[in-house]
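Structure, as structure tokens:
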Amino acid sequence: MQENDQENFKRELGLLDGTMLVVGSMIGSGIFIVSADIARQVGSAGWLTLIWLISGLITIIAAVSYGELSAMFPKAGGQYVYLKEAYNKLIAFLYGWSFFAVIQTGTIAAVGVAFSKFAAYLYEPFSDENILYELGSFKLNAAQLVSIFTIILLSYINSRGVKDGKILQTVLTIIKILSLLGLVVFGLTLGAKASIWEANWADGWITRTFDKDSGSWLPISGTALISGISAAMVGSLFSSDAWNGVTFIAGEIKNPKRNVGLSLFLGTFIVTIIYVLTNIMYLAVVPFDEIATAKSDRVAVVAAQYIFGNIGTLIIAIMIMISTFACNNGLIMAGARVYYTMAKDGLFFKKAAVLNKSSVPAWALWAQCIWASALCLTGKYGDLLDFVIIIVLIFYILTIYGIFILRKKMPDVERPYRAFGYPFLPMLYIITATAICISLLITKFSTCGWGVLIMLTGIPVYYLTKPKE
């Protein structure tokens, strides 16, 4: 990217804004829902806590490794730029292609749908059971329209300049952190029962899986345990994802060489602590079997009913609506910057490279909005998690391996910040994430396989659309 292009972006985001973007993009609906599925896969309090902890540590290792790259290339586009510098334009394009086709838009759609799910608590007609239109096998429901409306609204707010999006992000994220911590504190002081805590930890490290058909627990070990753990980690890793969004908007961050890396570390660290504490609260308030069998996996709702009685459901619904709204604001703001940078390289629609009078890539915002809205209509957002997480992990592995490549390729480039624990921690991340990917491809091929296929279809697209050198 030429330096003068960079000047068109306004550097209006400080360290607090960057950190709040990381936290706000990471905390969506996952922490309120995912623990139920993890509980069913691994079957004990110790393993439930450990999986959240491992996911958090893996995420922090990845984030502090990215710090080196973000300080070397403090431009808009983040991960796309790192992949282009470490490998080539094809790998960078495949990332951008997957990012637009599935990663960012799929996540925006899934989070939008989670918002509408909980909005239906406050106003029943917003429910996904309220079918408005049918054509063959296609059914349009109210929840889909609500999620599309929120995506359009947030795209509009962000098209008016980074300042509006930034204020909304920081305010909502602070409310979100305080309300989650409030839930933990109230849970541990008002709702906690020693008898429940002791019962949950009595066989805290026994591994078993919940069989939905028979409604009973079955012991697991060996290969079944490994596949159970990797399946359980899809949810916790998805809940811990989107932390890299701050690298995409590096062009709008003040002192990016320092602040991008620092906000990556602070954001992932804050979220990991909140997630582990929330799960400890669940285990102190809700019997383990009820965590595993929570209706629609809404563990937080069950916990809130134990803590606050019937009004707990409403409290959680409002919290999740704020949480998912802020999460999507961060995702929408960050995503458009990747298409902008790709378009500058001639690898995306030319119009995506144009900034509007508010210095924002508005065309890219609206293109992202239209495709994410279309994904809301598929109704298969449950599969979106598997779709997204496998591609996300593949590109995280490639990006972090890029640190090793760039140390050889560009030994003399200024590195204001160096990857923490290099080479051991980055390599530990690569090995762990690769093992999870292989396990996912074996155990969830029907959904993860599609994710990989979508990524690979980018190869012919690249060669067909590549500008002639």
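Since the structure is predicted, the reported quantities are computational estimates derived from the model, not experimental observations. In this chain, numbering begins with 1 at the start of the sequence shown. All values below come from the heavy atoms of this structure, side chains included, with hydrogens, waters and symmetry mates left out.
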Would you say the side-chain atoms of Glu68 and Tyr422 include a donor-acceptor pair closer than 3.5 Å? no
Sidechain N-carboxylate O distance under 4.0 Å for Glu85, Lys409: no
Check ion pair Lys84-Asp345 (N to O, under 4.0 angstrom): yes
So that I know where these two stand, are Tyr95 and Tyr80 an aromatic pair - ring centroids less than 6.0 Å apart? no
Scan the side chains in residues 361-368 for donor-acceptor partners under 3.5 Å anywhere in the protein, sequence neighbours excluded, and list what turns up.
from, atom 1, to, atom 2, distance (Å)
Gln368, OE1, Tyr339, OH, 3.1
Gln368, NE2, Ile332, O, 3.1

Counterpart residues, salt bridge (charged side-chain N to carboxylate O under 4.0 Å, His left out), relative to Arg418 (two or more places apart): none
When rounded to the nearest 0.5 Å, the distance separating CH2 of Trp97 from CG of Leu94 is 9.5 Å
Between Phe118 and Arg298, is there a cation-pi geometry (under 6.0 Å to ring centre, at most 45° from the normal)? yes
Distance-only donor-acceptor check, side chains Asp164 and Asn158, under 3.5 Å: no
Just by distance, with hydrogens left out, do Tyr396 and Asp241 show a side-chain donor and acceptor under 3.5 Å apart? yes
Given 3.5 Å as the limit, does a donor-acceptor pair link the side chain of Asn200 with the main chain of Ala284, or not? no
Could you tell me whether Lys166 and Glu252 make a salt bridge, using a distance below 4.0 angstrom between a side-chain N and a carboxylate O? no
Enumerate donor-acceptor pairs with a distance under 3.5 Å from any side-chain N or O in residues 274-281 to protein atoms, sequence neighbours excluded.
from, atom 1, to, atom 2, distance (Å)
Tyr275, OH, Met26, O, 3.2
Tyr275, OH, Ser239, O, 2.8
Thr278, OG1, Ile274, O, 2.6
Asn279, OD1, Ser35, OG, 2.6
Asn279, OD1, Trp52, NE1, 3.2
Asn279, ND2, Tyr275, O, 2.9

Verify the distance criterion only: is there a donor paired with an acceptor across the side chains of Gln79 and Thr247 at less than 3.5 Å? no
Going from CD1 on Ile322 to CD1 on Ile27, what distance comes out if it is rounded to the nearest 0.5 angstrom? 12.5 Å
Asp297/Arg40 ion pair, N-O < 4.0 Å: yes
Atom CD1 in Ile403, atom CZ in Arg415: separation rounded to 0.5 Å? 9.5 Å
